[in-house]
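Down below is the structure, laid out as structure tokens.
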Amino acid sequence: MKITLENMKVLFCASDCVEPYVKFITVKQTKQHINLCNLEDFEEEEQEVEDDLPVLSDQSLLLDDHHLKTLVAHLPQRTQGYKWNLVYSTAIHGSSLKTLYRNMAGLDSPVLLVIKDMHKKVFGAFSSDPFRISKYCYGTGETFLFTFSPDFQQYKWSGENSYFVSGDLGSLQIGGGGGGFALWLDADLYHGASFSCPTFKNATLSTHEDFIVQDAEVWTVQN
């Protein structure tokens, strides 16, 4: 066969040239891929947030996810990973300090007291021991106060005295030694007060030293 320039072109293409396979990706497919990646990232972030939150036995009327995540990060290590059980709620059990004590009879675990006052301020205390009637103060240096008024603030034990918790049928007191209690609640869990005291060197937990309780909850935070 006579090889011409035209024949050479044909032979070259038949033997050496293979049309490359090109997969075209549309803008719509690219957006779908990006959206899918974003969704996966969002689901991972959402799972991380859920993992940071405690499991509650009941829905809280006072604590949202921000409150829960913040409080969990400041609780003692020995309480981490445990389910929170609601042992007292003014919305469920009525406003009675006597009922609060009765619901905690026999418990042997730390408790978290959460209060919302009529000014919508959320604050309270973590107690190393369940609340009970006692002639003397009880508790340990794990006990602390907290407030979300307006931003989160934790008041740990100062070491100055050991007036952590005390209570009788007339009132519940947390902190003291300076002429006033860091947190005080009356028998009806209606009137309350918060003053600076040496036990925690705290500021007033609400916007006013005297306050009216709107709702209160007590949670056990360890089995």
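Position 1 is the first residue of the sequence; numbering continues from there.
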In terms of heavy-atom contacts, Asp210 and Ala193 come closest through OD1-CB, 3.7 Å

Taking the side chain as every heavy atom from C-beta outward, state whether Val165 and Leu172 have any atom pair closer than 4.5 Å. yes

Parallel, tilted or perpendicular for Phe146 and Phe152, by the 30°/60° rule?
parallel

Between Ser109 and Pro130 the two heavy atoms that sit nearest each other are O-CD, 3.2 Å

Heavy-atom nearest pair, Gly178 first then Pro198, reads N-CD, 3.4 Å

Value for CG (Leu71) from CZ (Phe144), rounded to nearest 0.5 Å, stands at 6.5 Å

Shared ILVMFWY cluster between Phe148 and Val114, side chains joined below 4.5 angstrom?
yes

- prompt: Can Ile174 and Phe164 be said to form a side chain to side chain contact (heavy atoms under 4.5 Å, CB included), step by step?
  reply: CA-CA 6 Å; Ile174 301 176; Phe164 298 115; over 6 Å; no

Would you indicate whether the side-chain heavy atoms of Arg78 and Pro110 approach each other to under 4.5 Å? yes

ask   = Please walk me through it: do Leu53 and Val72 pass side chain to side chain contact (heavy atoms under 4.5 Å, CB included)?
value = CA-CA 7 Å; Leu53 298 177; Val72 165; over 6 Å; no

*asked:* Is there a side-chain contact between Leu189 and Ser96 in this structure, where contact means two heavy atoms from C-beta onward sitting under 4.5 Å apart?
replied: no

Parallel under 30°, tilted from 30 to 60°, perpendicular over 60°: which one fits the rings of Phe123 and Phe211? perpendicular

Item to complete: Please confirm whether the backbone N or O of Val87 pairs with a side-chain atom of Asn103, one donor and one acceptor, at under 3.5 Å?
Response: yes

Check for me, please, whether Phe131 and Leu205 land in the same ILVMFWY cluster - side-chain distances under 4.5 Å, paths through other members count. yes

Output for pair (Lys135 NZ, Ile133 CD1), nearest 0.5 Å, gives 14.0 Å

d(Leu100 CG, Lys98 NZ) to nearest 0.5 Å is 13.0 Å

inquiry  = Walk me through whether Asp215 and Thr90 qualify under side-chain hydrogen bond (donor to acceptor under 3.5 Å, both in side chains).
reply    = CA-CA 6 Å; Asp215 283 299; Thr90 52; 3.2 Å; yes

Donor-acceptor pair, distance only, cut-off 3.5 Å: does the side chain of Thr147 make one with the backbone of Gln153? no

Quick check against the 3.5 Å criterion: does Ser149 have a side-chain atom that pairs as donor or acceptor with the backbone of Ser206? no

If you draw a 6.0 Å radius around OH in Tyr138, do more than 12 non-hydrogen atoms from other residues or ligands fall strictly inside? yes

- request: Please check if the side chain of Thr204 supplies one atom and the backbone of Phe195 the other of a donor-acceptor pair under 3.5 Å.
  value: no

message = Can a donor-acceptor pair be found, under 3.5 Å and without considering hydrogens, that links the side chain of Ser127 to the backbone of Thr143?
response = no

**Request:** Keeping the roles fixed (side chain from Asn161, backbone from Tyr163), state whether a donor-acceptor pair exists under 3.5 Å.
**Result:** yes

dist Phe200:CZ -> Trp157:CH2 (nearest 0.5 Å) comes out at 10.0 Å

For Gln173, the side chain to side chain contact (heavy atoms under 4.5 Å, CB included) test, sequence neighbours excluded, returns Ser166, Asp168, Ser171, Phe181, Trp184

On a heavy-atom basis, the closest approach of Asp188 and Ser95 is O-CB, 3.1 Å

>> Hydrophobic cluster membership, with links at side-chain heavy-atom distances under 4.5 Å among I/L/V/M/F/W/Y: are Ile92 and Leu112 in one?
In response: yes

Here the gap from His119 atom NE2 to Thr207 atom OG1, rounded to the nearest 0.5 Å, amounts to 5.0 Å

Between the CG atom in Asp58 and the OG atom in Ser89, the distance rounded to the nearest 0.5 Å is 8.5 Å

Taking the side chain as every heavy atom from C-beta outward, state whether Leu185 and Ile115 have any atom pair closer than 4.5 Å. yes

_Check: Asp186 and Leu97 side chains under 4.5 Å, non-hydrogen atoms_ = no

Minimal heavy-atom distance between Leu61 and Ala91, with the atoms involved, is CD1-CB, 3.5 Å

Review point. Got a donor-acceptor contact below 3.5 angstrom from the Thr220 side chain to the Val111 backbone?
Key: no

Note: Gly180 and Cys197 closest approach over all heavy atoms is O-CB, 3.7 Å

**Item:** Side-chain heavy-atom pair Leu86, Leu56 within 4.5 angstrom cut-off
**Value:** no

> Between Gln80 (side chain) and Leu75 (backbone), is there a donor-acceptor pair under 3.5 Å?
Replying inline: yes

| task | Could you go through the side chain to side chain contact (heavy atoms under 4.5 Å, CB included) check for Leu113 and Leu183 one step at a time? | result | CA-CA 11 Å; Leu113 167 65; Leu183 185 56; 3.9 Å; yes

Checklist entry - How are the rings of Trp84 and Trp219 set relative to one another: parallel (under 30°), tilted (30 to 60°) or perpendicular (over 60°)? => result tilted

Self-check item: Test item: Lys116 and Glu217 side chains (from C-beta on) under 4.5 Å apart, heavy atoms
Solution: no

Between His74 and Phe126, is the ring centre distance below 6.0 Å?
no

*Please check if the side chain of Ser128 supplies one atom and the backbone of Thr140 the other of a donor-acceptor pair under 3.5 Å.*
yes

Requested in this report: Measure from the side-chain N and O atoms of Tyr88 to the backbone N and O of Gly94, and report whether any donor-acceptor pair falls under 3.5 Å.
Outcome: yes

Are any non-hydrogen side-chain atoms of Ile212 and Tyr190 less than 4.5 angstrom apart?
yes

